[in-house]
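Step one of this worksheet: look at the structure below.
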Amino acid sequence: MEEKYLETERLKIAALTPRQLKLWTENVEELERELGCSCRAEPMEGIFKAIVEGQVKRAFADSENYLWHSFWLIIRKSDNVVVGSADFKNPPDEKGEVEIGYGLGKEFEHHGYMTETVAAMCGWALGQEGVKHIIAETLPDNFPSQRILTRCGFKQYESGKTLWWKL
């Protein structure tokens, strides 16, 4: 399976293959050796680990579309440190929508890494067959995430317990 990378000025955004995604949940040290990086972002625990494990199952079950199920590690080029991760939650639906999710390690917030990542990943996704829109969900009080989406061209289209955004 061919590895997929996106690059920005400061970042290398690596889509994990299904095997690498599984390795991330079971043996992060081995994944670090394989990718030549150091994972210092969100720890693989709790609800985050449960989400990633669910995506592992989907990535193996639908390996042709694994890029839509996997997580993409955000690797800072200057020192090969993983600062965060992002994902598309599923392949494009019948309306041509995909949902993006993302997170950074606390120490890496407020440096523009996620804006750079979301812009690159959305650019890639909109170039894929069947993708017309990218959506994202934020909590009403998650202003940093809302600023990222606004900077990347998203517009809020629904509000309630959560806010929904569309590009």
Side-chain angles (χ1 to χ4, degrees), residues 1-60 63 65-90 98-128 134-139 141-154 165 167:
M1 189 166 293
E2 182 182 331
E3 292 182 356
K4 176 73 181 164
Y5 295 98
L6 301 175
E7 287 204 41
T8 68
E9 181 181 338
R10 300 179 298 161
L11 306 169
K12 179 176 173 181
I13 306 159
L16 298 178
T17 64
R19 185 188 64 73
Q20 290 170 331
L21 188 62
K22 188 172 197 291
L23 198 56
W24 191 29
T25 66
E26 296 176 352
N27 189 341
V28 71
E29 294 84 9
E30 180 61 31
L31 181 64
E32 288 174 326
R33 279 192 291 280
E34 186 172 311
L35 296 178
C37 65
S38 171
C39 292
R40 293 196 2 224
E42 315 120 303
M44 184 61 66
E45 59 191 25
I47 187 74
F48 182 59
K49 184 171 185 179
I51 290 167
V52 176
E53 288 172 339
Q55 292 301 92
V56 168
K57 291 175 187 160
R58 289 180 188 89
F60 274 106
S63 60
N65 292 304
Y66 82 93
L67 292 171
W68 300 110
H69 300 293
S70 191
F71 274 76
W72 300 56
L73 295 186
I74 304 163
I75 305 168
R76 189 169 51 196
K77 288 180 181 179
S78 63
D79 57 6
N80 291 322
V81 166
V82 175
V83 299
S85 62
D87 72 318
F88 295 105
K89 299 186 178 183
N90 283 299
V98 293
E99 183 179 351
I100 191 168
Y102 46 84
L104 280 175
K106 286 283 181 216
E107 69 181 285
F108 306 110
E109 292 177 350
H110 310 295
H111 295 285
Y113 297 134
M114 195 52 73
T115 301
E116 225 173 288
T117 299
V118 170
M121 289 184 67
C122 289
W124 173 83
L126 289 169
Q128 304 308 303
I134 300 168
I135 60 172
E137 178 183 29
T138 67
L139 293 172
D141 63 350
N142 190 343
F143 302 114
S145 187
Q146 293 167 31
R147 279 191 298 275
I148 289 165
L149 295 172
T150 301
R151 285 184 190 126
C152 291
F154 282 75
W165 302 78
L167 177 68

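The basis for the numbers below is simple: all heavy atoms, side chains too, and nothing from hydrogens, waters or symmetry mates. Numbering starts at 1 and runs along the sequence shown.
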For [X] versus [Y], what's the shortest heavy-atom pair and its separation?
X	Y	result
E99	A136	CG-CA, 4.5 Å
I13	T117	CD1-CA, 3.9 Å
F154	L167	CD2-N, 3.5 Å
K12	K77	N-CG, 4.0 Å

- Message: My understanding is that only residues two or more places apart in sequence, or in another chain, count here; which of them pass side-chain contact (heavy atoms from CB on, under 4.5 Å) with R40?
- Response: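 Once residues adjacent in sequence are excluded, the partners of R40 under the side-chain contact (heavy atoms from CB on, under 4.5 Å) criterion are S38, V81, E107, F108.
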- Query: When you look at L31 and L73, which way does the side chain to side chain contact (heavy atoms under 4.5 Å, CB included) test go after all the steps?
  - Reply: CA-CA 11 Å; L31 181 64; L73 295 186; 4.2 Å; yes
- First locate atom CD of Q20, then atom CG of L35, and finally report the distance between them rounded to the nearest 0.5 Å.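 Those atoms lie 5.0 Å apart.
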- Item | Spacing of L11 atom CG and I75 atom CD1 [to the nearest 0.5 Å] |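 Spacing of CG (L11) from CD1 (I75) equals 9.5 Å.
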- Which is it for R19 and E34 under the side chain to side chain contact (heavy atoms under 4.5 Å, CB included) test, yes or no, and what are the steps along the way? CA-CA 12 Å; R19 185 188 64 73; E34 186 172 311; 2.6 Å; yes
- Item | Residues E137, K89: salt bridge by 4.0 Å N-O rule |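 Salt bridge absent between E137 and K89.
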Quick check: does any side chain N or O of [X] sit under 3.5 Å from a backbone N or O of [Y], one acting as donor and the other as acceptor?
X	Y	answer
E116	T8	no
Q55	N90	no
S70	L67	no

- Please walk me through it: do M44 and V28 pass side chain to side chain contact (heavy atoms under 4.5 Å, CB included)? CA-CA 9 Å; M44 184 61 66; V28 71; over 6 Å; no
- Apply side chain to side chain contact (heavy atoms under 4.5 Å, CB included) to the pair L149 and Y102, showing each step before the final yes or no. CA-CA 11 Å; L149 295 172; Y102 46 84; 3.3 Å; yes
- Message: Parallel, tilted or perpendicular: which one describes the rings of W72 and F88, with boundaries at 30° and 60°?
- Response: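 Ring orientation of W72 relative to F88: perpendicular.
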